[in-house]
J.: 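Questions regarding the structure given below will be posed in turn.
Order of listing sets the numbers, starting from 1, for every ligand and every atom in it. Worth knowing before you read on, the calculation uses all heavy atoms, side chains too, and leaves out hydrogens, waters and symmetry mates. Along the sequence shown, residues carry numbers from 1.
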Amino acid sequence: MLACGTLPLHKLASQYGTPLYVYSADHILYRAGLFAAEFTGTPHTLCYSVKANSNLSILKLLAGQGSGFDIVSGGELERVLHVGKAAAQKVVFSGVGKRAEEMDLAIQSGILIFNVESEAELDLLAQRASKLKKRVRMALRVNPDVFAETHPYISTGLHEHKFGIDIRAARKVYAKAAKFKWLDPAGVSVHIGSQIRSVEPFGAALGRVARLVQTLGRDGLKIRYIDAGGGLGIEYHADHAFDPAAKVHSYAQVLRKAIAGLDVHLLLEPGRFIVAQAGALLATVLYVKKNGSKTFVVTDAGMNDLIRPALYQAHHEIQPLKTAGKKTQTVDVVGPVCETGDFFARDRNLPVLTAGDQVALLDAGAYGMSQASNYNTRPRPAEVLVQGKKTTLVRRRESVQELLQPEIF
Ligand code: LLP
């Protein structure tokens, strides 16, 4: 029987209905705690990447443990402010397309630092800071041209990608930044991609950043922050051994080695690593149907609820909530959405499932609900947070009425 802590998941599925996202607060705190433990002795701030899972209760949980946040929009900043005005002081603002009003809100909220991704953005930030008469800390997000093995859609650290400023051009842009009265070029930032399972590319990228920081120092610019970005990957396949504590340990070693000797404060922006394995999407089997030689298990959850398999060919383990018989069957697990890409698994050997069975799509805590949509006019799932024996509905299911409400008719 599948459980969250000691709580059987089928009970939650029955109580709240499906599709339902369930998260373990204890596991989220455990994961965040691993970074605190491994980076002890290195001045650092954990800035959880809000985009991975932006539920307010999860942000509150992490803020309560002292976490800061990595945001990419004014909307994400509003979420952090909602959790607590003080949390803004540990916010890093990343993203290639910040608008003036988003910058203004962030400047007025007193965020920690802006990660600037282009010269044009630098000009706009200088203009907004001068207008508001606030000195603003900023870093350039440099593109280190480091290859990291991951899905092409979530790889960012090569010159062919839209992200960051070519590291070879950074020195010139810092010189320009230093001339603006209201800008404080305080940091260098880097993010090479997401779901990166080997720690070496992080070391290579940070090594290049460290050399840049030394060069800038010789130019007379004292860099106080290095933002190492996020991207640390997990194992989605059950048959791959995975020890999260060992992973953070080797990650910390590689980062620390890369910045050894520098007097800087390290910023970390993990998202997936903290929440992915703390969450599951629960679904109910609606039908089992055969087309020729293929068997399809149709669930009430679809690609609008969890788009990762459709978008990145991502693998999520699927398990029945109640102990199943020993017999297995090779099936496609699909959703009700009218798209061939609406699948969770193809040719997967699973315990035999029948209509009414409930299943869990595992490791869905990151980029599940935060990427959910209303495609096919489907209300998004409800979300439940489990802490110890306590369960809290932290987002109720949307109604179709709410979806129609903004339309002018
Ligand atoms: N910092 C920056 C600047 C980022 O762009 C990202 C993720 C992160 C931190 C957090 O990365 P993480 O630690 O979660 O890997 N939707 C995709 C992942 C997109 C990641 C986008 N940027 C997926 O479901 O795999």
Side-chain angles (χ1 to χ4, degrees), residues 21 28 31-32 34-35 45-54 58 62 67-73 76 91-98 112-118 121 139-144 148-158 161-165 187-199 201-202 205-206 209 226-236 244 247-248 251 255 266-279 281 303 305-316 344 361-373:
Y21 274 103
I28 292 171
R31 286 298 182 98
L34 290 179
F35 287 88
T45 304
L46 184 77
C47 297
Y48 164 71
S49 194
V50 171
K51 65 176 83 67
N53 188 321
S54 56
I58 289 180
L62 288 165
S67 176
F69 299 99
D70 159 51
I71 59 157
V72 287
S73 71
E76 287 189 347
V91 161
V92 304
F93 193 171
S94 311
V96 286
K98 304 179 191 77
L112 177 59
I113 199 163
F114 281 85
N115 286 335
V116 171
E117 301 225 12
S118 64
E121 186 193 330
L140 290 186
R141 171 168 173 187
V142 295
N143 186 320
E149 177 124 40
T150 185
H151 189 276
Y153 284 8
I154 52 176
S155 174
T156 59
L158 288 176
H161 299 131
K162 70 177 175 182
F163 298 98
I165 290 173
V188 179
S189 121
V190 72
H191 171 80
I192 52 173
S194 193
Q195 182 50 9
I196 298 166
R197 285 177 299 171
S198 136
V199 297
F202 295 109
L206 220 59
V209 166
I226 288 186
D227 183 340
L232 189 58
I234 62 154
E235 287 296 345
Y236 283 95
K247 185 54 107 189
V248 182
Y251 178 68
L255 294 199
L266 191 62
L267 301 172
L268 305 165
E269 303 175 354
R272 182 193 319 268
F273 198 87
I274 292 183
V275 289
Q277 292 177 297
L281 173 61
M303 66 187 288
D305 305 306
L306 177 64
I307 202 172
R308 302 196 68 259
L311 201 51
Y312 320 107
Q313 292 83 45
H315 177 94
H316 286 267
F344 292 131
L361 291 130
L362 301 185
D363 307 329
Y367 306 107
M369 186 61 175
S370 63
Q371 289 192 288
S373 79

J.: Do Glu121 and Lys98 sit within salt-bridge range, that is, some charged N less than 4.0 Å from a carboxylate O?
T.: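 Looking at Lys98 together with Glu121, the answer is yes, because their closest N to O distance falls below 4.0 Å.
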J.: By number and element, which atoms of ligand 1 are closer than 4.0 Å to a non-hydrogen atom of Gln371?
T.: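 Selected atoms, number and element: 16 (N), 24 (O).
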J.: Give the atom numbers and elements of ligand 1 that come within less than 4.0 Å of a heavy atom of Gly271.
T.: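 Counting atoms of ligand 1 from 1, those under 4.0 Å from Gly271 are 12 (P), 13 (O), 14 (O).
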J.: Return the residue, atom name and 0.1 Å-rounded distance of the protein heavy atom closest to atom 16 (N) of ligand 1.
T.: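 Result for atom 16 (N) of ligand 1: Tyr312 OH, 2.7 Å.
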J.: Under a 3.5 Å distance rule, please check whether Tyr48 uses its side chain to pair with a backbone N or O of Asn53 as donor and acceptor.
T.: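 Looks like yes, one N/O pair under 3.5 Å.
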J.: Using modelled atom types only, decide if a donor and an acceptor are shared between the side chain of Asn143 and the backbone of Phe163 within a distance under 3.5 Å.
T.: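 Here the side-chain-to-backbone pair exists.
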J.: Any idea which atoms of ligand 1 are less than 4.0 Å away from a heavy-atom of Pro270?
T.: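 This gives 13 (O) as the contact atoms.
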J.: Going from SG on Cys47 to CG on Leu266, what distance comes out if it is rounded to the nearest 0.5 angstrom?
T.: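 Going from SG on Cys47 over to CG on Leu266, the span is 10.0 Å.
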J.: Could you work out, for atom 14 (O) of ligand 1, the closest of Phe273, Tyr236, Tyr367 by heavy-atom distance?
T.: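 Comparing heavy atoms across Phe273, Tyr236, Tyr367, the nearest one to atom 14 (O) of ligand 1 lies in Tyr367.
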J.: Does ligand 1 have any atom sitting under 4.0 Å from a heavy atom of His151?
T.: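 Contact check His151 vs ligand 1: negative.
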J.: Could you identify the single nearest non-hydrogen protein atom to atom 22 (N) of ligand 1 and state the distance to 0.1 Å?
T.: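 Ranking protein heavy atoms by distance from atom 22 (N) of ligand 1, first comes Lys51 CD, 3.7 Å.
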J.: Report the residues that fulfil side chain to side chain contact (heavy atoms under 4.5 Å, CB included) with Ala276, sequence neighbours left out, ordered by chain and then residue number.
T.: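 Partners of Ala276 by the side chain to side chain contact (heavy atoms under 4.5 Å, CB included) criterion, ordered by chain and then number, come out as Ile234, Tyr236, Arg272, Ala366.
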J.: Within a distance under 4.0 Å of any heavy atom of Ser194, pick out the atoms of ligand 1 and give their elements.
T.: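 Heavy-atom distances to Ser194 below 4.0 Å select 11 (O), 12 (P), 14 (O), 15 (O), 18 (C), 20 (C).
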J.: Using a plain distance cutoff, I'd like to know if Glu269 has any nitrogen or oxygen under 3.5 Å from a nitrogen or oxygen of ligand 1.
T.: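 Such a contact does occur with ligand 1.
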J.: Is ligand 1 less than 4.0 angstrom away from at least one heavy atom of Ala366?
T.: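 No.
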J.: Counting from 1, what ligand 1 atoms have a heavy atom of Gly231 closer than 4.0 Å?
T.: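 Every atom of ligand 1 under 4.0 Å from some heavy atom of Gly231: 11 (O), 12 (P), 13 (O), 15 (O).
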J.: State yes or no: are the ring centers of Phe273 and Tyr251 separated by less than 6.0 Å?
T.: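 Not close enough - the centres of the two rings lie 6.0 Å or further apart.
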J.: Go through ligand 1 atom by atom and flag the ones less than 4.0 Å from a non-hydrogen atom of Arg141.
T.: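 Near Arg141, meaning under 4.0 Å from one of its heavy atoms, ligand 1 has 3 (C).
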J.: One residue to check: Asp70. Relative to ligand 1, which of side chain, backbone, both or neither has a non-hydrogen atom less than 4.0 Å away?
T.: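 It is the side chain that touches ligand 1; the backbone stays farther off.
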J.: Classify the contact between Arg308 and ligand 1 as side chain, backbone, both or neither, using a heavy-atom distance cut-off of under 4.0 Å.
T.: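 The answer is the side chain.
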J.: Please check: side-chain N/O of Arg141 versus main-chain N/O of His191, any donor-acceptor pairing under 3.5 Å?
T.: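 Yes, Arg141 side chain to His191 backbone: donor-acceptor pair under 3.5 Å.
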J.: Considering all heavy atoms of both residues, which atom of Leu232 and which atom of Phe202 are nearest to each other, and what is their separation?
T.: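 Between these two residues, the closest heavy atoms are N-CZ, 3.7 Å.
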J.: Mind running side chain to side chain donor-acceptor pair (under 3.5 Å) on Gln313 and His151 for me, showing each step along the way?
T.: CA-CA 9 Å; Gln313 292 83 45; His151 189 276; 3.0 Å; yes
J.: With respect to Ser49, determine whether any N or O atom, backbone or side chain, lies less than 3.5 Å from an N or O atom of ligand 1.
T.: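 Ser49 vs ligand 1: no N/O contact under 3.5 Å.
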J.: With Asp305, which residues qualify under side-chain hydrogen bond (donor to acceptor under 3.5 Å, both in side chains), at least two apart?
T.: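 If we apply the side-chain hydrogen bond (donor to acceptor under 3.5 Å, both in side chains) test to Asp305, skipping adjacent residues, the hits are Arg378.
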